[in-house]
Peer 1: 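Just dropping this structure here.
Protein chains get the first letters and strands the later ones, always in sequence-line order, with residue 1 at the start of each.
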Amino acid sequence: MRKYLIVCFTCLMLLGLIACTAKTPPAAEIENPVIRLSTTTSVNDSGLLPYLQPHFEADTGYKLEITSAGTGAAIEKARTGDADCLLVHAKSSEEDFIGEGFGEERLPFMFNYFVIVGPADDPAGIKDAATAAEAFAAIANSGSKFVSRGDDSGTHVKEKNIWKDAGFDPAEEDWYISVGAGMGQTLTVADEELAYTLSDKATFLAHDNSLSLLKEEAEDMKNTYSLIAITPERWEDTNHAGALAFIEWITSGKALDLIDKYGIEEYGEPLFFSMR
Amino acid sequence: MDGLIKAINLLFGENPELRQIIAVTLRMSLISTSISSLVGIPLGALIGSREFKGKHWVQRFTNTLMGVPPVVAGLAVFLMLSRSGPLGSLKLLYSVTAMVIAQVVLITPIMTGLTATIISIPAPRIRETAQGVGISTWRQMGLMIYECRSQLVSTVLVGFGRAIAEVGAVQIVGGNVQYKTRVMTTAIMMQTNMGKFHFAISLGIVLLVISFGINALVNYLESRGNA
């Protein structure tokens with residue numbers, strides 16, 4: 001009797017195991033299950049993509065390979081055929097990319113705000129500025145140090161546009177430090193040099209430094225993220241179907257809800273806002 | 001191939017920034033190699049020329065320092081020079097001086113270790129002869145350095161090669177600041193990350209040419225030393 005029970009139990013366990021494996025989506029249906037997503041550091045280093053990735057993979061059966069770099073470099077990876085899908089934030093560079101025939105359309109799907117951070121005592125007095133351009137003008141006029149990404153990233157492009165709006169060309173100035181690096185290192189340099197810098201909010205909150213958030217949510221500091229599926233015309237082995245599946249998923253109600261919730265637990269506020 | 005042509009055009013064309021980067025690189029490498037040689041060679045000669053208690057341990061210690069990963073040395077110098085570090089008041093971080101300090105920390109042990117090994121070969125012979133004639137130990141050391149001069153020059157060139165090719169430490173303490181601390185290796189990293197490959201290739205060519213030159217010089221000196 002006891003032997004019989006053990007056999008029964010084992011059979012049940014085996015059945016359970018089979019049921020478990022059968023539950024995972026059948027990968028065989030998808031021709032090419034790997035999607036190479038080239039993206040900007042702000043969405044990867046802030047933890048947003050690592051947070052969305054398991055949901056996407058469980059829902060669709062695709063596998064996401066994420067590489068992150070400044071927007072300029074991220075787009076370049078798509079140009080050289082090393083990516084299937086782009087998630088970046090520099091409108092003018094994106095439009096150039098599409099103009100060259102590498103992608104069909106850019107689909108803006110979420111946004112947040114850039115922030116201006118700097119030393120807590122705010123020597124240039126930018127706290128009272130109404131816009132980012134005014135704040136930059138105050139920094140330039142006071143001769144306070146400013147650290148620039150200097151790497152053609154989305155944040156760098158935005159920074160250059162704000163300088164233009166403010167009517168300054170600081171590239172050759174003594175107080176302008178161009179580091180040609182990612183957001184993390186730029187914040188480290190700004191912290192060490194007691195300087196101002198422009199950052200995306202997510203990276204700033206995740207970075208360990210003594211800088212203060214001095215200016216945020218001005219209208220000229222909006223930061224829009226877009227998706228572009230790369231056409232298979234230039235590079236034959238581009239996983240176009242996979243890119244479209246990713247775009248469809250991340251613009252679905254479920255994913256947008258996840259994006260709106262991200263960051264609330266850790267920082268008390270969302271880091272990204274979906275556009276619907 | 002297209003990138004290579006662009007790179008060569010860039011190299012011989014009008015690009016002040018490229019030349020400025022090369023100039024900073026050479027200045028940094030020359031200063032750090034000089035300091036490391038001035039400290040490392042006498043120290044190595046001191047260790048290699050005589051027998052003393054604990055020599056074994058001194059050599060082991062030097063060998064360990066020779067293998068310190070550059071990023072670790074860079075991190076250590078960064079923490080020293082950081083605004084919150086013990087030498088923060090000197091405000092040296094993100095300057096060429098900071099990069100030279102990091103490189104001296106890296107290269108001096110290499111110079112010391114290599115010199116000690118080179119000197120220890122003729123040391124017993126010279127010591128024996130010198131003692132017979134009654135020459136002081138300090139002058140003995142001088143004789144040994146003179147005897148090994150061609151190998152020691154190649155040691156200096158090895159140090160220089162290391163200085164010019166190093167990237168981890170100078171990135172951390174130099175910060176890759178444009179017009180100030182951007183050197184060839186950190187610029188190559190940055191340009192590659194930005195997808196501007198032809199600029200990166202140009203700098204790569206310069207680095208290759210310099211390192212080829214150094215190698216040729218080392219070979220020439222060694223063959224002359226053996227003759």
Peer 1: Checking an interface table here. Which of residues 192-214 of chain A come within a heavy-atom distance under 4.5 Å of chain B?
Peer 2: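 Hits under 4.5 Å: A:Glu192, A:Glu193, A:Leu194, A:Ser210.
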Peer 1: So which bits of residues 53-86 of chain B come within less than 4.5 Å of chain A, counting non-hydrogen atoms only?
Peer 2: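 Residues B:Phe78, B:Ser82, B:Arg83 are the ones that qualify, each having a heavy atom under 4.5 Å from chain A.
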Peer 1: Side-chain donor-acceptor contacts of residues 169-177 of chain A below 3.5 Å, not counting sequence neighbours, with atom names and distances?
Peer 2:
{"residue": "A:Tyr176", "atom": "OH", "partner": "A:Ser148", "partner atom": "OG", "Å": "3.1"}
{"residue": "A:Tyr176", "atom": "OH", "partner": "A:Glu159", "partner atom": "OE2", "Å": "2.5"}

Peer 1: Looking at B:Arg182, B:Gln191, B:Lys180, which makes the most heavy-atom pairs under 4.5 Å with chain A?
Peer 2: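 The option with the most such pairs is B:Arg182.
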Peer 1: Counting only heavy atoms not in B:Arg19, do more than 12 sit closer than 6.0 Å to its CZ atom?
Peer 2: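 Counting neighbours around CZ of B:Arg19, more than 12 heavy atoms of other residues, nucleotides or ligands fall under 6.0 Å, so yes.
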Peer 1: Please identify, among A:Ser178, A:Gly180, A:Gly182, the residue contributing the most non-hydrogen atom pairs under 4.5 Å to chain B.
Peer 2: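 Ranked by heavy-atom pairs under 4.5 Å with chain B, first place is A:Ser178.
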Peer 1: Can you establish whether the number of heavy atoms outside B:Phe212 located under 6.0 Å from its atom CZ is more than 12?
Peer 2: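 Open.
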Peer 1: Going through the distances and angles, do B:Asn176 and A:Val179 end up as a side chain to side chain contact (heavy atoms under 4.5 Å, CB included)?
Peer 2: CA-CA 5 Å; B:Asn176 189 33; A:Val179 288; 5.5 Å; no
Peer 1: With a 4.5 angstrom heavy-atom cut-off, is it the side chain or the backbone of B:Gln171 that approaches chain A, or both, or neither?
Peer 2: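 For B:Gln171, heavy atoms of backbone and side chain both lie under 4.5 Å from chain A.
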Peer 1: Give a yes or no on whether A:Glu100 atom CD has more than 12 heavy-atom contacts from other residues, nucleotides or ligands under 6.0 Å away.
Peer 2: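 Buried by this count: over 12 neighbours within 6.0 Å.
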Peer 1: If I take atom CD from residue A:Gln185 and atom CD1 from residue B:Ile172, how far apart are they, to the nearest 0.5 angstrom?
Peer 2: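 It comes to 8.5 Å.
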Peer 1: Which residues from residues 104-114 of chain B are near chain A, with near meaning under 4.5 Å between non-hydrogen atoms?
Peer 2: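 So far as heavy atoms go, nothing in residues 104-114 of chain B approaches chain A to under 4.5 Å.
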Peer 1: Which of the residues B:Met190, B:Lys91, B:Met189 is involved in the greatest number of heavy-atom pairs with chain A at under 4.5 angstrom?
Peer 2: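 Answer, by heavy-atom pair count under 4.5 Å with chain A: B:Met190.
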